[in-house]
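Reviewing the structure listed below.
Scope of the values below: all heavy atoms of this structure, side chains included, with no hydrogens, waters or symmetry mates.
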Amino acid sequence: MRVTVYDKNPGPGFMQWFLRTSWLLGCVLQKLLGQVDEYYGAASWRDAIDWIRARPQAITSLQYWGHGSPARVWLAGEAMRPQEFRAIWGRLSNDAVVWFRCCNVFQGVAGHAWAQAMVDDLGCRVAAHTRVVGPLQPGLHSLRPGQTPSWPLDEKDPETPRWLPDWARPGPNTVTCLRTTVPKGW
């Protein structure tokens, strides 16, 4: 089973409304194209975990769309701790991929440690980004059980025009928002 969870309450203001709407439309598009089996707008981490645990089949792909910062994944303004996510362990298939489509989660020393903690707690491949994400999502890396993080602590963007926003700068390991799987070897 392939599922996507998004933050349905990222915060006040037009930009947060725009993000929430983009995440919802992305989920609907993935569902229409047959790239995801179910999606859910969660109001809290407890809500998200309860929904994931209630899925009738083992999960092979779990994407989370929301805000991120180094070593933090946010939902409704609350940071998730890796050990809290341990509650979904029994719902994941042996070859599952958990992808946090959030800004900067794997960035720096803290991001390396967080990635290792997630892999250790979940026992599956975990992916996230070291850069700001938007329609272009640079800095995608993943870690499997038995591996240690090997991506640069301070991944640099290639030289691009300064007027481009961070999310529009194609950097190392860039995918588009339309991609639904983590490339092999990343």
Side-chain angles (χ1 to χ4, degrees), residues 2-7 10-11 15-16 18-20 22-23 25-27 29-30 35-36 39 45 48 60-75 77-82 85 92 95-122 124-186:
R2 301 160 302 165
V3 300
T4 299
V5 176
Y6 69 94
D7 184 350
M15 286 307 295
Q16 300 308 309
F18 180 77
L19 280 172
R20 180 184 65 234
S22 297
W23 296 330
L25 291 175
C27 287
L29 182 61
Q30 280 190 344
Q35 298 170 332
V36 68
Y39 61 88
W45 282 116
T60 58
S61 171
L62 168 60
Q63 292 184 42
Y64 173 70
W65 299 355
H67 287 300
S69 56
R72 297 279 186 272
V73 177
W74 302 91
L75 196 160
E78 176 188 356
M80 182 264 298
R81 295 190 328 256
F85 225 56
L92 300 172
D95 60 345
V97 177
V98 176
W99 184 1
F100 295 97
R101 298 186 87 157
C102 312
C103 299
N104 304 317
V105 174
F106 276 5
Q107 187 179 67
V109 173
H112 277 212
W114 193 88
Q116 193 70 63
M118 285 301 293
V119 167
D120 292 346
D121 283 345
L122 295 178
C124 69
R125 186 177 182 197
V126 176
H129 299 266
T130 59
R131 312 297 301 153
V132 173
V133 301
L136 291 180
Q137 301 181 348
L140 175 60
H141 297 279
S142 70
L143 197 64
R144 289 181 169 82
Q147 293 181 320
T148 56
S150 61
W151 55 87
L153 291 173
D154 185 21
E155 198 162 57
K156 300 288 186 196
D157 287 332
E159 289 297 319
T160 55
R162 294 257 181 239
W163 55 267
L164 280 175
D166 285 345
W167 58 263
R169 294 174 186 263
N173 292 21
T174 297
V175 296
T176 71
C177 62
L178 300 176
R179 184 164 188 115
T180 58
T181 59
V182 177
K184 293 189 185 308
W186 285 20

### Within-4.5 Å side-chain heavy-atom neighbours: Val98 and Cys124
yes

### Task
Compare every heavy atom of Val5 with every heavy atom of Ala48, then report the nearest pair and how far apart it is.
CB-CG1, 4.0 Å

### Message
Let me confirm one number: the SG-CD distance from Cys27 to Gln35, rounded to the nearest 0.5 Å.
### Response
11.5 Å

## Note on the structure
In short, Gly134 meets Cys177 closest at the heavy-atom pair O-CB, 4.0 Å

### Query
For the rings on Trp45 and Tyr64, is their centre-to-centre separation under 6.0 Å?
yes

### Task
Taking side chain to side chain donor-acceptor pair (under 3.5 Å) as the test, write out the residues that go with Gln16, two or more places apart.
His67

### Query
So how far is it from Tyr6 OH to Leu25 CG, rounded to the nearest 0.5 Å?
9.0 Å

### Query
Can you find a pair of side-chain heavy atoms, one from Gln63 and one from Thr180, that are under 4.5 Å apart?
yes

### Summary
In short, Val73 meets Cys102 closest at the heavy-atom pair CG1-SG, 4.0 Å

### Summary
Residue pairs passing the side chain to side chain donor-acceptor pair (under 3.5 Å) test with at least one member in residues 106-121, sequence neighbours excluded, are Arg86-Asp121, His112-Trp151, Gln116-Asp120

### Task
Just jot down the side chain to side chain contact (heavy atoms under 4.5 Å, CB included) partners of Pro183, sequence neighbours excluded, or say none.
Leu140, Val175, Arg179, Trp186

#### Entry: Step-by-step side-chain contact (heavy atoms from CB on, under 4.5 Å) determination, His129 to Trp99
CA-CA 9 Å; His129 299 266; Trp99 184 1; 3.2 Å; yes

### Message
If you compare all heavy atoms of Arg72 against all heavy atoms of Ala79, which two are closest, and at what distance to 0.1 Å?
### Response
CD-CB, 3.5 Å

### Close side-chain approach of Thr176 to Leu136, heavy-atom, < 4.5 Å
yes

### Query
Can you find a pair of side-chain heavy atoms, one from Arg101 and one from Val133, that are under 4.5 Å apart?
no

### Query
Atom OG1 in Thr130, atom CG in Leu153: separation rounded to 0.5 Å?
10.5 Å

### Summary
In terms of heavy-atom contacts, Pro138 and Thr174 come closest through CB-OG1, 3.2 Å

### Check: Val119 and Gln147 side chains under 4.5 Å, non-hydrogen atoms
no

### Task
For residues Leu178 and Leu29, determine if any side-chain heavy atom of one lies less than 4.5 Å from a side-chain heavy atom of the other.
yes

#### Entry: Residue pair Arg20 / Asp7, side-chain heavy-atom distance below 4.5 Å
no

#### Entry: Over all atoms of both residues, closest heavy-atom pair of Ala127 and Ser142
CB-CB, 3.8 Å

### Message
Just by distance, no angles: are the side chains of Trp65 and Thr4 close enough, under 3.5 Å, to form a donor-acceptor pair?
### Response
no

### Query
Are any of the side-chain heavy atoms of Val126 and Phe106 separated by less than 4.5 Å?
yes

